[in-house]
*Asks:* 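Below you'll find the structure I mean.
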Amino acid sequence: MSAQARAGLRPETEGKIFRPRRTLWGDVWHRLRRNRPAMVGLVIIGLMYFTAIFAPLIAPYEYDKIDLENVRAGPSREHLLGTDELGRDVFSRIVWAARSAAFVSITVTSFGLALGTFFGALAGYLGGWVDTLIMRLGDVLFAFPGLLFVFFIAATIKPGLIAWVKAIGLRELARSGYVDYLVVIIALGLVGWPGLARLIRGQLLSLKRRDYILAAQATGVPTWRIMWRHLLPNAMPPVIVAVSGGIGGVILSEATLSFLGIGLQPPNPSWGAMLFQYYGYWRTELWPLLFIPAAVLVAIVLAFNFLGDGLNEALNPQLD
Amino acid sequence: MTTVLEVRGLKTQFFTQDGVVQAVNGISYDLNEGETLGIVGESGCGKSVSVMSLMRLIPMPPGKIVGGEALFEGVDLMKISDDEMRSVRGNKIAMIFQDPMTSLNPVLTIGRQVGEALELHMGMSKSEARQRTIELLEMVGIPSAADRVDDYPHQFSGGMRQRVMIAMGLSCNPQILIADEPTTALDVTIQAQIVDLVKKLRDEIGMAIIWITHDLGVVAGLADRVAVMYAGFFVEEAGVKDLYGDPRHPYTIGLLGSLPRLDAERGRRLVSIEGLPPDLIALPEGCPFYARCNYRIDRCETENPPLRLVAPNHRVACWIDVTTAQPTR
């Protein structure tokens, strides 16, 4: 009789492990799921990207469809949130603006994350003059007040970019307003990376002295593989938290730029541009013209912050 | 008996703000096939630095291997390229570390970490490496290895993790296994299990071992030969029985005298060695043990004794013959 059988266990369970098997990320998800604000945030964020992807199906009209017969109409069955001064459907523009926000937020974040990871990893792992060079460059970018610097970049590159697009024979593109997106993405991306680079560098500086990195070196693992497989995954938790909060920031920055007239401009749909367009009516038509884009923006920025906080707790369980 | 590793005059220094730390000061030894060499000494005597230098894993800067050679398979490990050195590490010379709690990467499964060396050095595919990893885990005595290969390090106890480290070290059938205090962080019963496991595997696989420890008891049961290190020098080197039965260096005598023994008479006081080891930034001109030595003579203050043969396979760095000399203080 085996020890297990004597202990009253059935023989077929011998040698089996009874814990539920969870991966590291499964563990994080498990903790995140119990965080209500984070889950609300996740739902709102999910809704926004869903809207962005299926905008053509959800929006009843094109974002730039002008209907001069029906200018500044109130909410109705045809126009859920009414129309603006050119007769464009406000609800449709709100929906299409989700696509602008999603596109800008994803590209800017990927751009910033790529630059930040590349430079941060290089600086943190190699150290020495590479580190000094990259970090001083980051300090220079940091020294400018963030948004002001974005204005500066956006205002500087926009005319040049449009001229260049025309020069290579894409007149249609130059007139379409899509160049606005490029300007916003470049400006925000260039300003966004030093923060992430610093974060990743700091992580690597402490992680590269860990015993398991030494053990990997002693196993003959090449440098690039130590970086990708051993260091960066360990550096990820704070980066994920920073990026999650950062996406909200990017959406807000895009709105700010558009509000101030150097970001996306009508007819491109943008919540920020809509705020600019309607804020003159705040006494008479607060609802829905001004209220809706503002509320959507607030909800989404809050959602990203809630999710960021939730991820922070889920990734660092010792915090509670 | 063939020699797998010949170390000659290995010298490592650290260039710090306070000065040059002379961590390893020209040590030489041979390691024979299948032999276990124990290197003992107190904290900071250069044990770890000497083997890390061998693996070229000294952080540079501030560290630098300033001299010496290490002949392995006809090449000098100190001179080959970084790429060539990488193909030796984990493959022909493997290493296991002191603290199994921190030596495994928390975000990678055990299987992927053990399998990494197999993929890198043996050119195995992921699934082959996984299969071999399960065999290795079984070999080091991990129960339900096939189930546990996908677990993460935090799901293992300290002793089990050290078994995993050993499986990692042995994955490519190395000719030399370097063990840097692998039992220090474990409690005594687990220590004994790990030592037994290494002995068993050594007899099966036949690799040579360099075992670093400050625990004279562990080395006694494991090593064929023991070298005693002090202030970056080898001060005595002998077969394990000779070293314990017939120590010839005043430092070794002091170390052995400081051990509690079960067979000692009741009430015997443990002897301690007075003083501290010298500052490695300002090493004395003469014998590094001079200040603490009970047998010292004037010559010791000005001339550092080289290792000399005092009996077959027994080398000592001392001007005195302790078998005839009387303590001078």
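Letters go in sequence order (proteins before strands), and every chain restarts at 1.
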*Asks:* Ignoring hydrogens, what is the shortest heavy-atom contact between L57(B) and A218(A)? Give both atom names and the distance.
*Replies:*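 Closest heavy-atom pair between L57(B) and A218(A): CD1-CB, 3.6 Å.
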*Asks:* Under a 4.5 Å cutoff for heavy-atom pairs, which residue among A117(B), S171(B), P143(B), S103(B) has the most contacts with chain A?
*Replies:* S103(B)
*Asks:* At what distance, to the nearest 0.5 angstrom, does CG of D83(B) lie from OG1 of T223(A)?
*Replies:* 8.5 Å
*Asks:* Relative to chain A, which segment of M85(B) carries a heavy atom at a distance below 4.5 Å: side chain, backbone, both, or neither?
*Replies:*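 Nothing of M85(B), per the 4.5 Å heavy-atom cut-off to chain A.
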*Asks:* Could you tell me which portion of M168(B) (side chain, backbone, both or neither) has an atom closer than 4.5 angstrom to a non-hydrogen atom of chain A?
*Replies:* side chain
*Asks:* Tell me, for R225(A) versus chain B, whether the close heavy atoms (under 4.5 Å) come from the side chain, the backbone, both or neither.
*Replies:*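 Side chain only.
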*Asks:* Let me confirm one number: the CD1-CD distance from I226(A) to E116(B), rounded to the nearest 0.5 Å.
*Replies:*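 Reported to 0.5 Å precision, the distance equals 8.0 Å.
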*Asks:* Counting only heavy atoms not in F142(A), do more than 12 fall under 6.0 Å of its CZ?
*Replies:*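 Yes - once you tally the heavy atoms of other residues, nucleotides and ligands closer than 6.0 Å, there are more than 12.
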*Asks:* Would you mind checking which part of L214(A) comes under 4.5 Å of any heavy atom in chain B, side chain (CB onward), backbone (N, CA, C, O), both or neither?
*Replies:* both
*Asks:* May I ask you to name which of P233(A), P222(A), A216(A) has the most heavy-atom pairs under 4.5 Å with chain B?
*Replies:* P222(A)
*Asks:* Within the supplied structure, the quantity of interest is the number of heavy atoms (other residues, nucleotides, ligands) at a distance under 6.0 Å from R136(A) CZ; does it exceed 12?
*Replies:*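 It does: R136(A) CZ has more than 12 such atoms within range.
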*Asks:* Quick check on the interface: out of H121(B), M165(B), Q98(B), who has the most heavy-atom pairs with chain A under 4.5 Å?
*Replies:* H121(B)
*Asks:* If I measure from the heavy atoms of chain A, does L104(B) come under 4.5 Å with its side chain, its backbone, both, or neither?
*Replies:*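 Contact with chain A involves the backbone of L104(B) alone.
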*Asks:* Go through the atoms of S87(B) and report whether side chain, backbone, both or neither lie under 4.5 Å from a heavy atom of chain A.
*Replies:*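 Neither part; nothing is under 4.5 Å.
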*Asks:* With a cut-off of 6.0 Å (strictly less than), are more than 12 heavy atoms of other residues, nucleotides or ligands near CZ of F144(A)?
*Replies:* no
*Asks:* Looking at E119(B), M95(B), R112(B), which one has more heavy-atom pairs under 4.5 Å with chain A than the rest?
*Replies:*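 Of E119(B), M95(B), R112(B), R112(B) has the most heavy-atom pairs under 4.5 Å with chain A.
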*Asks:* Check whether any side-chain N or O of H230(A) sits under 3.5 Å from a backbone N or O of L108(B) as a donor-acceptor pair, and report yes or no.
*Replies:*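 Side chain of H230(A) to backbone of L108(B), a donor-acceptor pair under 3.5 Å: no, none is there.
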*Asks:* To the nearest 0.5 Å, what is the distance between CG (D211(A)) and CE (M101(B))?
*Replies:* 12.0 Å
*Asks:* Please flag which part of P106(B) lies under 4.5 Å from any non-hydrogen atom of chain A: side chain, backbone, both or neither.
*Replies:*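 Contact with chain A: backbone and side chain both.
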